[in-house]
Amino acid sequence: MTPSLTTSAAGRTYDYDRVVGGREQMNGIVSMAFGADDEIYITQKALFFFDVSKLKIGPEPDDEEMIMSFREKDPDFFEGTWPACLAVGSDHDIYVTDELRHLIYVFDQDGVFKREFGNLGANSGEFNRPSGIIFTADNSIYVCDTMNHRIQHVTPMGKSINEFGSQGSDEGQFQSPWGLDIDCEGNVFIADHKNHRIQKFDAEGKFIFTFGTYGSGMGELDHPTDVAVDTDGDIYVSDWANNRVQVFNSLGEYILQIRGSAIDLSKWQKRYVESNPDVVKARRRVESLEPEMKFALPTGVNYDKNRDRLFVVDSQRWRIQIFNKLKDYAEAQFNI
């Protein structure tokens, strides 16, 4: 079945806007974070290639622009790294978790390395394959300490403030937490990857509620990788192994799913295809191009509160798909 460009349910409407990406520009994309003035930062983790890149995605189709690659500043720095997720502080510095070196790097907005903190371990301020990272309103940081099965709350210099969680499947426990977000009240939402659920905590780490069970039905999850919360309190989950994003209300009740709607190639993908005659021929020989419209193992989901846009990191297709959340949407009536 061909994916829908506009998906509506329970008073919510998501309208496909466009796709941004390409083999050269976003090879191995894993996660993204918003900077200032429509700037986007991404981590890339491909075979023998690791990088952090900065681009700009404005409101108009095809206005995306690749600004810079951090790797080009210092190629040697990224040898032996494994960048996972990233967050942008109020001073515009970029904080990147490294799953291989078990620490967090800090770069300025021009890609210049400034410092690092953390090391392998299970004590406060130590990490074991850290992944999701996000800033709070007071400029402190929550980090998914994935293989320690906990969340650490630290200062921008890495000093421990608090931590919560342990390995297990009970309420408040984790099995490899990976992505996270904070709502407007400071509550923390965690993608509990191997428990196939989302958990909500207050700012101090006190458990509030959980939703999701293992499966492929509506409201069920299969290894969720990330979570985002918008200004209305709606919750978005990158349902990784189910190749979709699911939308829930503020109580964790299922609303709808989005499976991807990339009906056209991105600006950069078109350039690649059109410059390779063999690729053009190969695409014309396939029975259907429908599969390339859909998500393939989406690893990240981010909500642009300034423009009411949902960004989905479509990792296996080297791209980001963007959807507008429409307000006061009404169906046109046709008499045919």
Side-chain angles (χ1 to χ4, degrees), residues 1-16 19 29-32 84-85 131-132 144 146 149 167-171 173-181 189-200 209-230 233-263 286-303 310-323 325:
M1 184 173 66
T2 302
S4 172
L5 298 182
T6 304
T7 305
S8 298
R12 282 82 162 176
T13 299
Y14 299 90
D15 189 53
Y16 172 73
V19 60
I29 183 173
V30 176
S31 67
M32 60 160 284
C85 301
S131 53
C144 285
T146 301
H149 311 285
Q167 186 172 13
S169 57
D170 292 339
E171 292 179 350
Q173 293 186 313
F174 302 107
Q175 291 283 2
S176 303
W178 210 84
L180 76 172
D181 198 14
F189 293 74
I190 311 295
D192 192 0
H193 186 63
K194 292 186 178 180
N195 278 327
H196 315 288
R197 65 186 181 184
I198 302 300
Q199 295 199 68
K200 179 182 178 180
F209 71 74
T210 184
F211 64 90
T213 56
Y214 177 71
S216 58
M218 301 302 96
E220 296 178 334
L221 302 171
D222 190 346
H223 293 84
T225 48
D226 200 10
V227 58
V229 186
D230 69 17
D234 289 338
I235 305 164
Y236 306 86
V237 180
S238 55
D239 190 5
W240 182 69
N242 282 324
N243 299 303
R244 64 185 177 183
V245 169
Q246 294 199 69
V247 185
F248 301 82
N249 67 16
S250 60
L251 300 177
E253 298 168 335
Y254 171 80
I255 297 174
L256 58 84
Q257 67 173 348
I258 302 171
R259 290 193 169 274
S261 304
I263 58 172
V286 300
E287 182 176 341
S288 172
L289 293 174
E290 181 183 328
E292 75 176 22
M293 302 178 193
K294 299 179 181 180
F295 301 135
L297 300 177
T299 50
V301 60
N302 299 70
Y303 194 83
L310 178 66
F311 286 63
V312 181
V313 176
D314 195 2
S315 63
Q316 295 302 297
R317 303 203 193 281
W318 314 308
R319 64 190 185 184
I320 295 171
Q321 291 199 46
I322 304 173
F323 301 81
K325 185 177 186 182

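Note that the structure is a prediction, hence the values are computed from the model and not measured.
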Colleague: V301 and L310: side chain to side chain contact (heavy atoms under 4.5 Å, CB included), yes or no, with the steps?
Modeller: CA-CA 7 Å; V301 60; L310 178 66; 3.4 Å; yes
Colleague: Go through F211 and F248 one step at a time and tell me if the ring-ring contact (aromatic ring centres under 6.0 Å, His included) criterion holds.
Modeller: CA-CA 9 Å; F211 64 90; F248 301 82; 4.6 Å; yes
Colleague: What residues, two or more places apart in sequence or in another chain, satisfy side chain to side chain donor-acceptor pair (under 3.5 Å) together with T146?
Modeller: S131
Colleague: Is it the case that the side chain of H196 and the backbone of H223 share a donor-acceptor pair, with hydrogens and angles ignored and the cut-off at 3.5 Å?
Modeller: yes
Colleague: Once you round to the nearest 0.5 Å, how far does OG1 of T7 lie from CD1 of I258?
Modeller: 5.5 Å
Colleague: Where do R319 and V19 come nearest, in terms of heavy atoms and distance?
Modeller: CD-CG2, 3.4 Å
Colleague: Dump the intermediate steps for side chain to side chain contact (heavy atoms under 4.5 Å, CB included) on I29 and I320, then the final yes or no.
Modeller: CA-CA 9 Å; I29 183 173; I320 295 171; 3.9 Å; yes
Colleague: Say whether, by atom type as modelled, one donor and one acceptor occur between the side chain of N302 and the main chain of M32 under 3.5 angstrom.
Modeller: yes
Colleague: Quick one: pull up CG in L256 and OG1 in T13 and give me the separation to the nearest 0.5 Å.
Modeller: 8.5 Å
Colleague: How far apart are the closest heavy atoms of C85 and S31, and which atoms are they?
Modeller: CA-OG, 3.2 Å
Colleague: Using residues 233-244 as the side-chain source, report each donor-acceptor pair under 3.5 Å to any protein atom, sequence neighbours left out, with the distance given to one decimal.
Modeller:
| residue | atom | partner | partner atom | Å |
| --- | --- | --- | --- | --- |
| D234 | OD1 | R12 | NE | 3.4 |
| D234 | OD1 | R12 | NH2 | 2.8 |
| D234 | OD2 | R12 | NE | 3.0 |
| D234 | OD2 | K325 | NZ | 2.9 |
| Y236 | OH | Y14 | OH | 2.8 |
| Y236 | OH | D230 | OD2 | 2.6 |
| S238 | OG | T225 | OG1 | 2.7 |
| S238 | OG | D226 | N | 2.8 |
| S238 | OG | D226 | O | 3.4 |
| D239 | OD1 | D222 | N | 2.8 |
| D239 | OD1 | N242 | ND2 | 3.2 |
| D239 | OD2 | N242 | ND2 | 2.9 |
| D239 | OD2 | R244 | NE | 2.7 |
| D239 | OD2 | R244 | NH2 | 3.2 |
| D239 | OD2 | Q246 | NE2 | 3.0 |
| N242 | ND2 | G215 | O | 3.0 |
| N243 | OD1 | L297 | N | 2.8 |
| R244 | NH1 | S216 | O | 3.3 |
| R244 | NH1 | Q257 | OE1 | 3.0 |
| R244 | NH2 | S216 | O | 3.3 |
| R244 | NH2 | G217 | O | 2.8 |
| R244 | NH2 | E220 | O | 2.9 |

Colleague: Ignoring hydrogens and geometry, is there a side-chain-to-backbone donor-acceptor pair from T6 to D15 under 3.5 Å?
Modeller: no
Colleague: Minimum heavy-atom separation for A191 and V227, please, with both atom names.
Modeller: N-CG1, 4.1 Å
Colleague: How long is the straight-line distance from NZ of K200 back to CZ of R197, given to the nearest 0.5 Å?
Modeller: 16.0 Å
Colleague: Would you please name every residue forming a ring-ring contact (aromatic ring centres under 6.0 Å, His included) with F323, sequence neighbours left out?
Modeller: Y16
Colleague: Just by modelled atom types, is the H193 backbone N or O under 3.5 Å from a matching donor or acceptor in the S176 side chain?
Modeller: no
Colleague: So which heavy atom on C144 is nearest to which on L180, and how close?
Modeller: SG-CD2, 3.9 Å
Colleague: Tell me whether the count of non-hydrogen atoms from other residues, nucleotides or ligands lying under 6.0 Å of OH in Y214 goes above 12.
Modeller: no
Colleague: Are F295 and V245 packed together at the side-chain level, in the sense that at least one heavy-atom pair is separated by less than 4.5 angstrom?
Modeller: yes
Colleague: Give, for atom CD1 of I198 and atom CG of L221, the distance between the pair rounded to the nearest 0.5 Å.
Modeller: 6.0 Å
Colleague: Just by modelled atom types, is the M293 backbone N or O under 3.5 Å from a matching donor or acceptor in the Q321 side chain?
Modeller: yes
Colleague: So, Q173 and Q167: side-chain donor and acceptor under 3.5 Å apart, yes or no?
Modeller: no
Colleague: Side chain of N249, backbone of L251: donor and acceptor closer than 3.5 Å?
Modeller: yes
Colleague: So, does N195 use its side chain to make a donor-acceptor pair with the main chain of G168 at under 3.5 Å?
Modeller: yes
